[in-house]
Amino acid sequence: MKIGYPCINWTIGCKGNKTFRLKSYSEDRLIETVNNNLDCLKKILNYNIKNNFLFFRITSDLIPFASHPICTFNWQDFFKQKFLELGEIIKDNDIRISMHPDQFIVLNSNREEVVNRSIKELEYHADVLDLMNLESDAKIQLHIGGAYGDKQKSISRFNEKYKKLDFKIKKRLVIENDDKIFSLKDCLNLFDKSGIPILFDVLHHKVLGDDEKIESVLEKQRKTWKKSDGIPMIDYSSQKDGFRPGSHAESIDLKDFKNFINDSKGYDFDIMLEIKDKEKSAFKALKIINSDHRFGKMRWNHG
DNA sequence: TCACGTCAAGCAGAT
DNA sequence: ATCTGCTTGACGTGA
């Protein structure tokens, strides 16, 4: 069981998700920005190692415009060495990595140009993880996408598109239940057709799910992950009081988190904390995990 | 130095 | 029709 937070670290004073306007695109600007982002990622990883945060989501902004037609620069080759170094740090310290392409990536869109752009963006994500030489347990998580009023058709369309993807994407792709359209049940439906592992989002399931016991849910999820996929991943976040169901809290709700950890006895998974204050809440979560004798002191002695 | 209009991209639901 | 949310405001022009 590892604990992580997504994309940004508020403590160390660098930003690894710097970008710029399309209008200001130039090769120099790209190189400068990517150098900044990769250097910052290294600092974040080192901070995380020191603090036992062994799960991290790398921002999709790492290489701005990587999949945009304007970018003809061979960033893969240019930054090869830096990627390799980052990969070494990640592997030497047994860090789990995920990425989460954003809302514009809709593999099953009914607009062909959207599908094509989405595939390019998925290739970019896969390239980043491949350049770091990471195993297939480094994952790219995606929602099922556009429903257009017919979920069954939408799921089938996703499966058709998935089948045609390059293996470098397929081996990393996992799907996440969302809080609006595609519930865990829908993801299981897609799994039956496609074999795509399910990343379980606890809060989304609370908003769009049923009262099924958490153990039973985790049991179903676990079965969707093959050995080569690694330990199942879950997203955990706390509900922001008084806001629409599913909106993320500033800080972790420790009572709720404790309950979740208690209810999930017997299951191992890596937890991504989608909480706005990032590492601050991760410290609190880690404390709870560490104080739970089930997990002992072990996991953090990864040497 | 700072205010503030705008930013590559999709989709769904609320107003 | 327009706005908001999504994992996260931040870029960059003009004064």
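In what follows, every heavy atom counts, from backbone to side chain, and hydrogens, waters and symmetry copies are set aside. Chain identifiers are assigned alphabetically (A, B, ...) following the order of the sequence lines, protein sequences preceding nucleic acid strands; residue numbering begins at 1 within each chain.
Atom name C1', nucleotides C/dT8 and B/dG13: the rounded distance is 22 Å, in whole Å. For the P atom pair drawn from B/dC11 and C/dG9, the interatomic distance equals 25 Å after rounding to whole Å. Annotation: C/dT4 and B/dC7 have their C1' atoms spaced 16 Å apart (nearest Å). Going from the P atom of B/dG5 to that of C/dC3 covers 13 Å, rounded to whole Å. Rounded to whole Å, the P atom of C/dC6 lies 16 Å from the corresponding atom of C/dA10. Nucleotides B/dT1 and C/dT7, compared at atom P, are 36 Å apart to the nearest Å.
In this pair, A/Phe269 and A/Phe260 present their aromatic rings tilted. The plane angle is within the 30 to 60° band. Between A/Tyr5 and A/Phe53, the ring planes are perpendicular. Angles over 60° get that label, and only those under 30° would be called parallel.
When the nearest nucleotides of DNA chain C are assigned to A/Thr19 and A/Glu274 by heavy-atom distance, the more 5′-ward of the two goes with A/Glu274.
As rounded to whole Å, 12 Å separates atom P of B/dA12 from atom NZ of A/Lys151. Here C/dT7 presents its C1' atom at 13 Å from CG of A/Leu142, a figure rounded to the nearest Å.
Applying the side chain to side chain donor-acceptor pair (under 3.5 Å) rule to pairs touching residues 16-37 of chain A yields A/Asn35-A/Lys82, sequence neighbours excluded.
Here B/dA8 is the nucleotide among C/dA10, B/dG10, B/dA8 with the atom lying nearest to any side-chain atom of A/Phe65. Among the nucleotides C/dT7, B/dG10, C/dG9, the one closest to the side chain of A/Ser60 is C/dT7.
With centres under 5.5 Å and a plane angle under 30°, the ring of A/Phe104 is stacked against the base of B/dA9.
Proximity of the aromatic rings of A/Phe20 and A/Phe65 is defined here by a centroid distance below 6.0 angstrom, and this criterion is met. The ring of A/Phe200 has its center closer than 6.0 angstrom to the ring center of A/His205.
Between A/Lys42 and A/Asp39 there is no salt bridge, since no side-chain nitrogen of the basic residue lies less than 4.0 Å from a carboxylate oxygen of the acidic one.
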Check: Using Watson-Crick and G-U wobble pairs with both distances under 3.5 Å, what is the 5'-to-3' dot-bracket string of DNA chain C, with [ ] for crossing pairs and | for pairs outside the strand?
Finding: ||||||..|||||||
